[in-house]
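Working notes, structure below.
No hydrogens, no waters, no symmetry mates; every other heavy atom, side chains included, goes into these values. Lettering follows sequence order; numbering is per chain, from 1. Keep in mind that this is a model prediction, so the values were computed, not measured.
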Amino acid sequence: MQNMEISWAFRELADLLEFEGEDFFKIRAYRRAARAIAGLEEPVEEMYRRGTLAGVPGIGKNILAKIGELIATGEMKKLQELRRKWPPGILEVMALPGIGPKRARFLHEQLGITSLAELEEAAREKKVRALRGMGVKTEQEILRSIELVRSRRGRILLPLAREIAGEVATFIQDVPGTRKVAVAGGVRRWRETVDEVRLVAAAEDPEPLLNALAGYRRVREVLERGENRIRVLTWWGVPVELEVAGPGAYGITLLRATGSAEHWRQLQALAARRGFCLDEVRDGPGSEGVASVPPVPGAPLPQEEEDIYRRLGLWPVPPELREGRGELELFAGESPPRLLEVRDIKGDLHVHSDWSDGANSILQMVQRARERGYRYVAITDHSRSLTVARGLSLERLQEQHRLIRELNEKEKDFRILTGTEVDILVRGGLDFPDEVLAGMDVVVASVHSGFRQDEETMTGRVLQAIENEYVTIIGHPTGRLLGEREAYALDLERVIEAAARHGKILEINSSPDRLDLNEHYARLARDCGVRLVVNTDAHDLRRLDEIPYGVAVARRAWLRPEDVVNTLDLPDLLELLGKKT
DNA sequence: GCCGTTTTCGGCCCGACTGTTTTCAGTCG
């Protein structure tokens with residue numbers, strides 16, 4: 001049983017207990033355990049067997065026993081009981097913004113609401129506004145939230161999609177007859193969210209592979225099946241499509257299945273102009289999988305994607321760029337553009353520690369940064385106003401910076417930069433005075449409050465931060481949380497223009513639920529002469545490893561290493577920040 | 001629920017905002 005499944009079980013348990021009105025601290029303990037399990041680097045099952053699981057913070061006797069139960073039987077009695085007791089739809093109701101456990105329970109008791117659909121109907125019939133404690137605004141807010149949820153339904157974040165893709169690909173790889181298997185589609189292109197996972201395999205005979213996937217233990221049902229293609233619904237609720245190509249057609253099948261549709265269309269048009277044809281792989285009763293790039297006389301049929309690009313007179317286009325946004329022209333030149341890569345990143349300028357709401361110590365974070373091959377890392381814990389995140393008081397901040405200076409004396413070939421993630425306050429201004437900010441290496445300024453302000457007010461707050469001479473970076477500039485919270489109202493074009501004027505750096509936050517700036521604005525910023533930084537905003541060790549998600553955004557924005565400041569070596573970075581070495 | 005060389009029991013989670021109300025419950029970061 002996978003860590004993720006065990007983690008999910010505890011999260012669901014916590015949600016259901018919350019609905020029941022169970023003790024807050026008990027629920028929080030289950031949530032903590034769920035997070036701890038998700039953050040483990042080894043399989044829970046092994047740790048359980050070896051007896052090392054009991055040492056994990058947040059996992060005590062009771063939760064350990066439940067994990068044991070899950071591993072042994074695949075089920076958890078307590079969770080099953082709760083699932084029998086409450087309809088599954090109540091969790092969706094409870095997840096609506098503005099609806100918590102109390103209101104979900106209240107709606108259930110008063111109106112018999114057990115699902116989003118029922119809630120929507122009740123709201124439309126104006127039954128919600130009649131309830132005590134709720135009014136017209138709440139009712140309308142509910143309808144708006146349901147709309148939002150509907151629009152994103154079925155879309156999942158990239159890390160889950162990648163995990164599913166990896167697991168299914170590994171499974172297919174081991175099926176006898178499989179020559180190769182690769183992840184395609186939006187996952188391979190590193191899109192922000194995806195609604196399916198696509199795989200392409202090479203084999204002489206597709207049959208055994210299709211059968212294997214149809215019978216895979218995490219497959220709930222077969223949605224479609226053709227001669228060389230199968231689409232299944234998985235345990236995670238995400239469809240997975242597998243296409244099997246004959247060995248000669250693998251490259252072109254992978255190319256088409258990776259997409260995007262527009263990129264493929266442009267490739268076909270280019271091929272046509274060059275006098276040959278990129279054929280669709282045909283699928284369906286009575287047709288064999290056929291793919292062809294009619295060979296140039298004497299040349300072999302290209303079997304690899306890269307060779308197909310070359311045959312078309314292009315440098316191979318990295319999957320992240322295949323969106324039909326002009327990348328064919330970009331890769332038609334004399335030499336291919338040098339885009340940002342993960343190995344260019346020399347440090348992380350937005351990292352939290354256990355001084356505020358991070359899970360690990362400064363030294364642990366530093367150690368991990370070193371292991372990643374970084375040369376520097378900025379510790380940027382929250383500022384005093386953000387009490388929920390245990391924001392640092394002035395005294396604690398100065399104490400932390402003293403500690404960092406001491407630690408630096410022992411560090412060789414590595415530099416811990418002092419910093420803060422300073423709150424941009426609700427009424428404008430920053431959470432620490434200028435003279436304090438002046439003494440730090442890195443000042444990340446971020447919005448964490450007043451999300452519902454109008455565009456003028458919010459833009460004003462951010463512009464004010466940009467105009468502060470001691471601010472270096474604007475953190476997660478739009479505040480969006482993918483699938484959870486829309487970006488706040490912000491005139492980003494004005495923000496970008498101001499950042500360019502004041503020489504401020506805008507962040508590409510790598511956290512897969514943020515990806516903020518997104519690729520569109522990252523590119524606009526670069527084109528306006530703004531420098532960017534790819535940071536993780538890591539709150540624990542594992543999340544330091546999320547940098548590839550931010551790098552993917554940068555690549556999809558066509559950024560080169562020189563557009564991104566944390567590709568600089570330390571002396572150059574310090575010079576840019578206006579700090580002495 | 002978990003945790004603890006000050007504790008095996010009593011902490012752990014706080015303050016602002018919102019929409020609903022005439023004093024506050026519920027939600028959220």
Inter-nucleotide C1' distance (B:dT7, B:dC2), Å rounded: 14 Å
B:dG26 and B:dT20: how far apart are their C1' atoms, nearest whole angstrom? 10 Å
Of all the choices, B:dT27, B:dG29, B:dG1, which nucleotide is nearest to the side chain of A:Pro101 once you look at every atom? B:dT27
Distance, rounded to the nearest Å, where A:Glu18 contributes CD and B:dC28 contributes P: 9 Å
Please report the distance, rounded to the nearest Å, between CD in A:Glu20 and P in B:dG1. 12 Å
Taking only the side-chain heavy atoms of A:Asn62 (C-beta and beyond), determine which of B:dC2, B:dG29, B:dC17 contains the nearest atom. B:dC2
Whether A:Lys66 contacts B:dG1 is assessed here as follows: a side-chain N or O lying under 4.0 Å from the phosphate OP1 or OP2. Is that the case? yes
In whole Å, what separates the P atom of B:dC12 from that of B:dT18? 28 Å
Which whole number of Å gives the distance between the P atom of B:dA16 and that of B:dG10? 31 Å
Measure CZ/A:Arg103 against C1'/B:dT20 and give the value in whole Å, please. 9 Å
Interatomic distance at P, B:dC9 relative to B:dC14, whole Å: 24 Å
Is the aromatic ring of A:Phe25 within stacking range of B:dC2, meaning centres under 5.5 angstrom and planes under 30 degrees? no
Side chain of A:Val426: nearest nucleotide among B:dG29, B:dT27, B:dC17? B:dC17
Separation of B:dG1 atom C1' from A:Lys78 atom NZ, nearest Å, is 9 Å
Nearest-Å distance, CG (A:Leu425) to P (B:dC17)? 11 Å
Judged by each residue's nearest nucleotide on DNA chain B, which is more toward the 5′ side, A:Gly58 or A:Leu481? A:Gly58
A:Leu131 has an atom CG; how far is it from atom P of B:dG19, in whole Å? 17 Å
Using whole Å, what does the distance between atom C1' of nucleotide B:dC14 and atom CG of A:Asp357 come to? 14 Å
Do A:Arg461 and A:Gln453 have a side chain donor and acceptor closer than 3.5 Å? yes
B:dT23 and B:dG29: how far apart are their P atoms, nearest whole angstrom? 29 Å
Check this one for me: any side-chain N or O of A:Thr138 less than 4.0 Å away from OP1 or OP2 of B:dT20? yes
Look at all strands and tell whether A:Leu96 reaches a base, only sugar-phosphate, or nothing, counting heavy atoms closer than 4.0 Å. sugar-phosphate
By the 4.0 Å heavy-atom rule, please label A:Val447 as base, sugar-phosphate, or nothing. nothing
Pairwise side-chain contact, A:His382 with A:His352, heavy-atom cut-off 4.5 Å (strictly under): yes
Does this structure show an ion pair linking A:Arg405 with A:Glu409, if we count only N-O contacts that are shorter than 4.0 Å? no
Distance flag, aromatic centroids of A:His108 and A:Trp86, threshold under 6.0 Å: yes
Can you tell me if A:Lys137 touches the phosphate of B:dC17, counting only side-chain N or O atoms and a distance under 4.0 Å to OP1 or OP2? no
For a quick check of understanding: with a heavy-atom distance under 4.0 Å over all strands, which category does A:Arg28 fall into, base, sugar-phosphate or nothing? base
If you measure from the C1' atom in B:dT8 to the same atom in B:dG1, how many Å do you get, rounded? 15 Å
With the side chain defined as heavy atoms from C-beta on, A:Lys26 is closest, among B:dT27, B:dG1, B:dG29, to B:dG1
Nearest-nucleotide check on DNA chain B, A:Arg32 vs A:Met134; residue mapping nearer the 5' end is A:Arg32
Do A:Arg384 side-chain atoms and A:Leu394 backbone N/O form a donor-acceptor pair below 3.5 Å? no
Using modelled atom types and a 3.5 Å cut-off, is there a donor and acceptor pairing between side-chain atoms of A:Arg31 and backbone atoms of A:Arg11? no
Could you check whether A:Leu386 gets within reach of a base, just the sugar-phosphate, or nothing at all, counting any heavy atom under 4.0 Å? nothing
Between A:Arg480 and A:Asp516, is the closest basic N to carboxylate O distance under 4.0 Å? no
For atom C1', what is the distance between B:dG11 and B:dT6, given to the nearest Å? 14 Å
Should B:dT8 form a Watson-Crick or G-U wobble pair with both distances under 3.5 Å, which nucleotide is its partner? none
Would you mind reading off the distance between A:Gln453 atom CD and B:dG29 atom P, rounded to a whole angstrom? 15 Å
